K.L.:
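Dropping a structure here in C-alpha cells format, bear with me for questions.
Basis for what follows: all heavy atoms, side chains included, without hydrogens, waters or symmetry-related copies. In the text below, chain A, chain B and the rest are named by the order of the sequence lines, each starting its count at 1. A quick note: this is a predicted structure, and the numbers were derived from the prediction, not measured.
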There are 2 protein chains.
Amino acid sequence: MNYEALLINKNLKKTFPRLKVLEILDRADGFLSADDIHSSFKDEAHSLPLSTIYRVLDSFLKEDIVHELNLDHRNIKLYEIAHKHHAHHLICVECDKVIHLKECPVHSFEEDLKETYGFKMNHHSLDFYGVCDQCQKAL
Amino acid sequence: MNYEALLINKNLKKTFPRLKVLEILDRADGFLSADDIHSSFKDEAHSLPLSTIYRVLDSFLKEDIVHELNLDHRNIKLYEIAHKHHAHHLICVECDKVIHLKECPVHSFEEDLKETYGFKMNHHSLDFYGVCDQCQKAL
DNA sequence: TCCTAAATGCAAGTCATTCTCATTAAATTA
DNA sequence: TAATTTAATGAGAATGACTTGCATTTAGGA
C-alpha cells in the first residue's frame, strides 16, 4: 500500500501524522481505537498527541479511507482501513474479538427503505454481539 | 400499563425513581436520552439526579424492560420501553428522527452465524443512517 | 524563496456516563 | 407492628473519550 499516493489521491496533505496513522492502521490486523494508535508510539521518539490522532482519523473518515465501528458495550470507537473488509461484525462482549462478516444480508432491504421512506442513505450498521466459543468455555 | 406490577414481576423494588422513569418512558412517543428524562422533571418539585436515572435504566436494561439505541453520529444512548417496537431503525442524521422498522431481515442470517461461529448470541444492532425526505429538501 | 491556508501540538474544556459514600427506604423477619 | 437487612438513592466528584482554542509550524502552490 502506497501511503503517499493514497493521500495525494484523496487531496489530503502528506503530513507526518497522517502517514504514521495510515501505516499503523495498515499494519494492524484488526480494528484499533484512537488510544491504541496513540499507545503504539510509546517506544518511539516522535509520538502524536491524541488530538492530532482524532483529527487525522476524521479526515480519513471523510475521505472513506477508514471505517468506524461503534462498540455498543464499551462506548468506544474503533477504526480500520476501509478497503480491508465490508463493515459487518460479530463481536464478543467478553474478549472484544471482532470477526468480520463479508456478506451483507440487508442490501436489498436498504434499497426498499430508500424507496419507501425517501431517505438518502448514508450508511448502515449491522453488528452481532454475543459470547464467542472460547469465552463460553472459559466462563 | 401497570408499572407496579411490571416491577414486581421483574423482581425490582418498587421505588419512586423506577416508577417515575417507567412512566416517562411509557408516555414518550419515541426514544429518550438519560438527559431527556432528567429534563422532563424541570417543572416538578421532586426531580431525579442523573446518577439515579442511569442506575434505573441499567436495572431496566438487565430485565429487558427497555431497549437501548446507540446513535453513531452523536455518541449518545437512547432508551425506549422494550415492548413498543422491535429494535431496528432508520435514523436521520440531520434532525435525529428515528423511524422504527418492524421487520427483521437478518433473523435467519443470525441463526447461521450462531452455527458457523459457535457464538451465544446476545443481541444485534441494525440501524440505517441517512437524510430524511424533509431534511433533503431543507438543505 | 515566499506566502497562505491547512495541519499540528499542547493544554484546557466538554459531555455523557460512572463511581464513592453517606443516607434512606423497601421488603423480609421477628 | 417494629426491627433488620440489604438494595436503592442523592449529591457531587471523578472518569474517560473526545473536542476545541490558540499559538506555532508546515505543506504545497505562487
K.L.:
May I ask you to check whether over 12 heavy atoms, not counting those of A:Lys120, lie within 6.0 Å of atom NZ?
P.N.:
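No - once you tally the heavy atoms of other residues, nucleotides and ligands closer than 6.0 Å, there are 12 at most.
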K.L.:
Tell me if a side-chain donor or acceptor on B:Gln136 pairs with a main-chain N or O of B:Val131 at a distance below 3.5 Å.
P.N.:
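Checking the backbone N and O of B:Val131 against the side chain of B:Gln136, a donor-acceptor pair under 3.5 Å is found.
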K.L.:
Show the nearest heavy-atom pair for residues B:Pro105 and B:Glu103, with the distance to one decimal.
P.N.:
CD-O, 3.6 Å
K.L.:
If you assign B:Phe16 and A:Pro17 each to the DNA chain C nucleotide with the nearest heavy atom, which residue ends up on the more 5' nucleotide?
P.N.:
A:Pro17
K.L.:
Going 5' to 3' along DNA chain D, which are the first and last nucleotides with any atom under 4.0 Å from a heavy atom of chain B?
P.N.:
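For DNA chain D, the relevant span reads D:dT6 to D:dG12.
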K.L.:
May I ask you to say what A:His46 touches in the nucleic acid, namely base, sugar-phosphate or nothing, with a heavy-atom cut-off under 4.0 Å?
P.N.:
sugar-phosphate
K.L.:
Going by ring pair (Phe, Tyr, Trp, His ring centres under 6.0 Å), name the pairs with one or both residues in residues 48-82 of chain A, residues two or more places apart or in two chains.
P.N.:
A:His73-A:Tyr129
K.L.:
Any side-chain N or O of A:Thr52 below 4.0 angstrom from OP1/OP2 of C:dG9?
P.N.:
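For C:dG9, OP1 or OP2 has a side-chain N or O of A:Thr52 closer than 4.0 Å.
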K.L.:
Where does the angle between the aromatic ring planes of B:His100 and B:His89 fall among parallel (under 30°), tilted (30 to 60°) and perpendicular (over 60°)?
P.N.:
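Correct class here is perpendicular.
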K.L.:
Whole angstrom is fine here: how far is it from NZ in A:Lys77 over to C1' in C:dA16?
P.N.:
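The distance from NZ of A:Lys77 to C1' of C:dA16 comes to 13 Å, rounded to the nearest Å.
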K.L.:
Does a nitrogen or oxygen in the side chain of A:Arg18 sit under 4.0 Å from OP1 or OP2 of C:dA7?
P.N.:
yes
K.L.:
For C:dA6, does OP1 or OP2 lie under 4.0 Å from any side-chain N or O of A:Thr15?
P.N.:
no
K.L.:
Quickly work out the B:Tyr54 OH to C:dT17 C1' distance and round it to whole Å.
P.N.:
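After rounding, the gap between these two atoms is 5 Å.
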K.L.:
Is the B:Phe109 ring parallel, tilted or perpendicular to the A:Phe128 ring (thresholds 30°, 60°)?
P.N.:
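Because their plane-to-plane angle lies in the 30° to 60° range, the rings of B:Phe109 and A:Phe128 count as tilted.
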K.L.:
Go nucleotide by nucleotide along DNA chain C from the 5' end; which of B:Leu12 and A:Leu12 gets its closest nucleotide reached first?
P.N.:
A:Leu12
K.L.:
With each end axis built from five pairs of C1' atoms, what bend angle do you get for the helix from C:dT1-D:dA30 to C:dA30-D:dT1? Round to 10°.
P.N.:
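About 30° separates the two local helix axes.
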